[in-house]
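This report concerns only the one structure given below.
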Amino acid sequence: MKKYNLPILTIFMSLLVLASCKETKNDVVQNKTSALKAGYEIEPVNIQNVKLTDSFWLPIIKRVQEITIEYAIKKCDEEGRFENFLIAGKKKTGKVRGDMPFDDTDVYKIIEGASNTLISAPNPKLERVLDSMIAIVKIGQEADGYITTWRTINPAKPPATWVPVIEGKRWESLQISHELYNPGHLIEAAIVHYEATGKTNFLEIAIKAADMLVRTFGDNPGQVKGVPGHQIVETGLLKLYQITGKEEYLKLAKYYLDNRGNPNNHKLYGEYAQDHIPVTEQKEAVGHAVRAVYMYAGMTDIVALTKDKAYENAVNNLWENMVNKKMYITGGIGSRHDGEAFGANYELPNLTAYNETCAAIGDVYWNHRLHNLYGASKYFDVIERTMYNGLISGISLDGKQFFYPNALEADGVYKSNRGSCTRQAWFDCSCCPTNLIRFIPSIPGLIYSKTSKDLYVNLYASNDASFKLGKTDLQISQQTSYPWNGKVGISVNPKKEAIFTIKLRVPGWARNEVLPGDLYAYKKASNQKPSITVNGETFAIQPENGYFNVTRNWKKGDRIELNFPMEVQEVETNSKVATNKNKVSLEYGPLVYAIEEIDNKNNFDKIDISASDTFKVRKETNLLQGVNVIENSKFKAIPYYSWSNRGVGKMKVWIDFKN
């Protein structure tokens with residue numbers, strides 16, 4: 001990174017850093033390796049073992065490192081996020097600043113994302129900033145571990161008028177107060193910070209909060225009954241269980257999940273919060289999409305940890321429903337602005353699509369867990385489609401503008417992005433910008449996963465990785481220009497010769513499958529086939545479970561060459577999706593394309609595709625930081641993720657098709 005200008009508050013509080021950094025009590029994580037990796041059959045290769053060199057993803061990650069993190073810290077400082085912790089801890093006087101009861105989490109998510117950047121790009125200045133931020137957070141925590149600054153400052157005066165106040169007590173409005181969502185993000189961030197830096201200053205704050213929750217919630221006399229309004233504390237607690245081995249965290253997470261839909265535990269919140277029926281009876285993805293996928297991720301963790309069949313059946317039913325009936329071509333989920341929610345089956349409007357950026361991120365987290373559980377490539381087909389399209393569309397090419405919803409059509413009039421026709425610099429509810437900061441630096445940790453004898457290559461991006469596969473010390477590297485072409489070279493270098501299996505994912509689009517299920521299909525199947533060679537020898541094998549499986553005695557210098565031929569493909573939607581009838585969208589490899597008015601100023605509204613049309617793919621290095629464009633005699637199309645970087649205008653993904 002170039003530099004880091006500390007905001008006024010972090011400079012003021014930097015004197016507290018020394019006290020916070022010296023505490024590295026290893027006893028809080030003494031069971032780190034013994035708790036629960038055995039829960040999942042497959043283990044991701046840690047981000048610390050993967051150095052990204054990729055020409056597509058590395059610039060995006062660097063942009064977050066060098067621009068977006070500092071930008072977000074400045075915004076949080078300007079809008080009082082840090083000051084709230086100081087007021088809560090009585091180091092300053094004042095009223096709650098900000099508009100949302102979950103503003104604290106913006107600070108936590110920035111720390112989480114920045115912590116991951118320290119792994120790939122050590123930066124002492126940034127690390128000092130994080131220590132200052134953590135010191136500020138510690139000030140806002142109450143003596144018993146409670147941490148939600150607005151309620152500590154003035155429980156009778158929530159920042160949002162829609163948070164009800166009855167007696168001003170803790171937990172009285174769990175449905176909407178975010179008193180459990182806040183420590184959930186705190187715990188998630190603290191674990192990442194600990195793993196990235198080895199420091200426990202943030203982790204100790206999280207453990208103190210988690211221990212308070214364990215004492216507070218349950219069915220014993222004197223305990224509070226209830227479940228989170230907005231899920232995420234469940235996955236935080238389950239991760240904390242994994243690094244500490246403390247059973248109480250697992251039990252509390254399951255308590256929260258087991259009691260959703262239980263009217264004997266609390267007054268139900270309804271479908272909006274997935275609290276209408278017990279989670280094991282839920283078969284359809286409903287309600288607020290972010291809450292839903294965070295909950296489904298926690299349920300999947302429970303499957304891995306407890307082998308609960310009822311949970312497993314529910315998770316699989318929910319995934320099938322979402323992917324087969326409720327997912328956009330970009331991987332986006334949540335079609336309704338009202339409630340930021342899933343719609344009915346096959347309800348996928350384009351102009352008014354919601355597709356919250358946070359929901360895309362949560363869906364990646366969920367699908368990653370499902371892959372760890374089952375090892376099927378279909379989960380990475382969803383991850384890849386989401387990442388390259390409906391997720392990174394949430395951040396502009398300059399790293400300072402954001403989409404909260406991600407529409408698939410724009411008319412230049414309808415203000416789809418919370419009052420704007422294009423990306424905004426910030427939001428009163430800024431969960432999406434900080435969630436992008438949280439997620440994007442973690443991408444290298446998605447590329448590989450492993451068992452004791454199998455290496456999964458899940459995503460294609462240039463990188464160098466070193467790790468243990470069973471007892472084998474292995475170095476592996478990729479060289480590729482993916483997603484602009486489908487050629488991938490992989491060098492395999494075990495320290496000693498060893499027999500193991502490398503599973504190389506064959507992307508769904510290369511197997512003529514848009515997404516798992518029948519929601520989308522290519523109008524005409526490609527005749528081109530993916531191919532694989534090892535040391536120049538062609539392997540005539542078919543994908544198994546979506547992977548080329550190569551088992552051999554691997555030696556230093558072994559070389560794999562993959563070719564996933566790319567061509568422009570027309571996609572059509574299941575006829576039950578009324579909004580896309582007689583329309584097609586265009587894809588090239590993993591990328592979904594859109595036509596934007598700025599490139600097609602003449603007759604934009606009359607552009608169509610006919611059966612006789614042919615397409616040309618051309619690299620434009622000076623357009624949108626370098627993209628492949630699709631052209632024919634009628635229009636130019638750009639990758640969907642890059643739209644709306646050149647001002648307000650019309651755009652569409654689905655184009656009229658004329659036979």
Side-chain angles (χ1 to χ4, degrees), residues 271-272 283-289 292-293 317-356 359-360 363 382 385-386 389-390 393 403 405-417 421 508-509 512-525 569-587 592-597 604-611 613 634-635 637 640 643 650-659:
E271 283 193 358
Y272 170 78
K283 297 181 180 179
E284 182 178 353
V286 297
H288 190 277
V293 288
N317 287 334
L318 289 162
W319 189 86
E320 292 288 343
N321 173 256
M322 184 184 74
V323 175
N324 278 288
K325 299 177 181 178
K326 298 194 176 187
M327 181 165 281
Y328 282 86
I329 189 73
T330 56
I333 52 172
S335 60
R336 295 179 180 175
H337 282 245
D338 184 17
E340 302 181 331
F342 287 105
N345 290 336
Y346 303 109
E347 180 187 340
L348 296 168
N350 295 312
L351 180 68
T352 61
Y354 202 68
N355 289 338
E356 185 177 336
D363 195 33
V382 174
R385 178 166 294 273
T386 304
N389 300 291
S393 57
F403 273 133
N406 293 270
L408 273 75
E409 183 178 341
D411 60 8
V413 178
Y414 176 65
K415 296 179 179 179
S416 64
N417 190 31
C421 294
W509 60 263
N512 282 309
E513 185 175 84
V514 183
L515 274 168
D518 64 354
L519 187 54
Y520 301 100
Y522 293 120
K523 202 165 187 67
K524 182 181 178 182
Q569 284 279 47
E570 298 171 3
V571 180
E572 54 189 2
T573 316
N574 188 303
S575 61
K576 294 177 182 177
V577 180
T579 49
N580 292 343
K581 284 187 177 179
N582 301 316
K583 296 178 185 290
V584 296
S585 67
L586 298 178
E587 291 188 358
V592 175
Y593 276 70
I595 55 173
E596 199 170 11
E597 186 178 21
F604 180 87
D605 295 325
K606 296 181 179 179
I607 289 174
D608 62 35
I609 294 174
S610 61
D613 280 352
K634 302 174 184 175
F635 61 80
Y640 168 79
W643 88 277
K650 297 179 180 179
M651 178 278 296
K652 54 186 171 183
V653 169
W654 292 98
I655 305 168
D656 290 335
F657 183 82
K658 307 291 185 184
N659 285 310

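Between the side chain of Tyr346 and the backbone N or O of Asn574 there is no donor-acceptor pair closer than 3.5 Å. Checking side-chain atoms of Tyr520 against main-chain N and O of Val571 turns up no donor-acceptor pair under 3.5 Å. The backbone N or O of Gly334 sits nowhere less than 3.5 Å from a side-chain atom of Lys326 that would complete a donor-acceptor pair. Side chain of Asn321 to main chain of Leu318: no donor-acceptor pair is present (N/O by atom type, distance under 3.5 Å, no hydrogens or angles). Between the side chain of Thr573 and the backbone N or O of Asn580, no donor-acceptor pair lies under 3.5 Å. Using modelled atom types, one side-chain atom of Asn355 and one backbone atom of Ile333 make a donor-acceptor pair closer than 3.5 Å.
The salt bridge (charged side-chain N to carboxylate O under 4.0 Å, His left out) analysis of residues 329-341, with sequence neighbours excluded, yields the pairs Arg336-Glu347, Glu340-Arg418.
Remark: Asp613 CG to Glu570 CD distance equals 7.5 Å, nearest 0.5 Å. Here Gln569 contributes atom CD and Ser585 contributes atom OG; the two are 10.5 Å apart, rounded to the nearest 0.5 Å. Interatomic distance, CH2 of Trp319 versus CE of Met327, reported as 8.0 Å (0.5 Å rounding). Taken from CG in Leu519 to NZ in Lys576, the straight-line distance is 10.5 Å, to the nearest 0.5 Å. Rounded to the nearest 0.5 Å, atoms CG (Asn317) and CE (Met322) are 13.0 Å apart. In this structure, Glu587 CD and Tyr522 OH are separated by 4.0 Å, a value rounded to the nearest 0.5 Å.
Using cut-offs of 30° and 60° for the angle between ring planes, the His337 and Tyr354 rings count as perpendicular.
Pairing each heavy atom of Ser335 with each of Gly343, the nearest pair is OG-N, 3.2 Å. The nearest pair of heavy atoms linking Ala353 to Tyr328 is CB-OH, 3.4 Å. When all heavy atoms of Pro405 and Asn417 are compared, the closest pair comes out as CD-OD1, 3.0 Å.
When side chains are defined from C-beta on, Lys415 counts as touching Cys421, because their heavy atoms get closer than 4.5 Å. With a 4.5 Å cut-off on side-chain heavy atoms, Ile609 and Lys634 do not count as touching. Two residues are said to be in side-chain contact when any heavy atoms from C-beta on lie closer than 4.5 Å; Glu572 and Phe657 fail this criterion. Side-chain atoms of Ile595 and Ile607, non-hydrogen and from C-beta on, do get closer than 4.5 Å to each other.
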### Task
Before giving the answer on side-chain contact (heavy atoms from CB on, under 4.5 Å), spell out for Asn406 and Tyr640 the whole-Å C-alpha distance, their side-chain angles and the decisive distance to 0.1 Å.
CA-CA 10 Å; Asn406 293 270; Tyr640 168 79; 3.5 Å; yes
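The existence of a salt bridge linking Lys650 and Asp411 is excluded, since no basic side-chain nitrogen approaches an acidic carboxylate oxygen closer than 4.0 Å.
Side-chain atoms of Tyr414 and Glu409 include no donor-acceptor pair closer than 3.5 Å.
Remark: of the listed residues Leu586, Asn350, Thr579, Asn350 is the sole one forming a side-chain contact (heavy atoms from CB on, under 4.5 Å) with Trp654.
A cation-pi arrangement is not found for Lys325 relative to Phe342, the charged atom failing to lie both closer than 6.0 Å to the ring centre and inside a 45° cone about the ring normal.
Within a 6.0 Å sphere centred on CG of Asn582, other residues, nucleotides and ligands contribute 12 heavy atoms or fewer.
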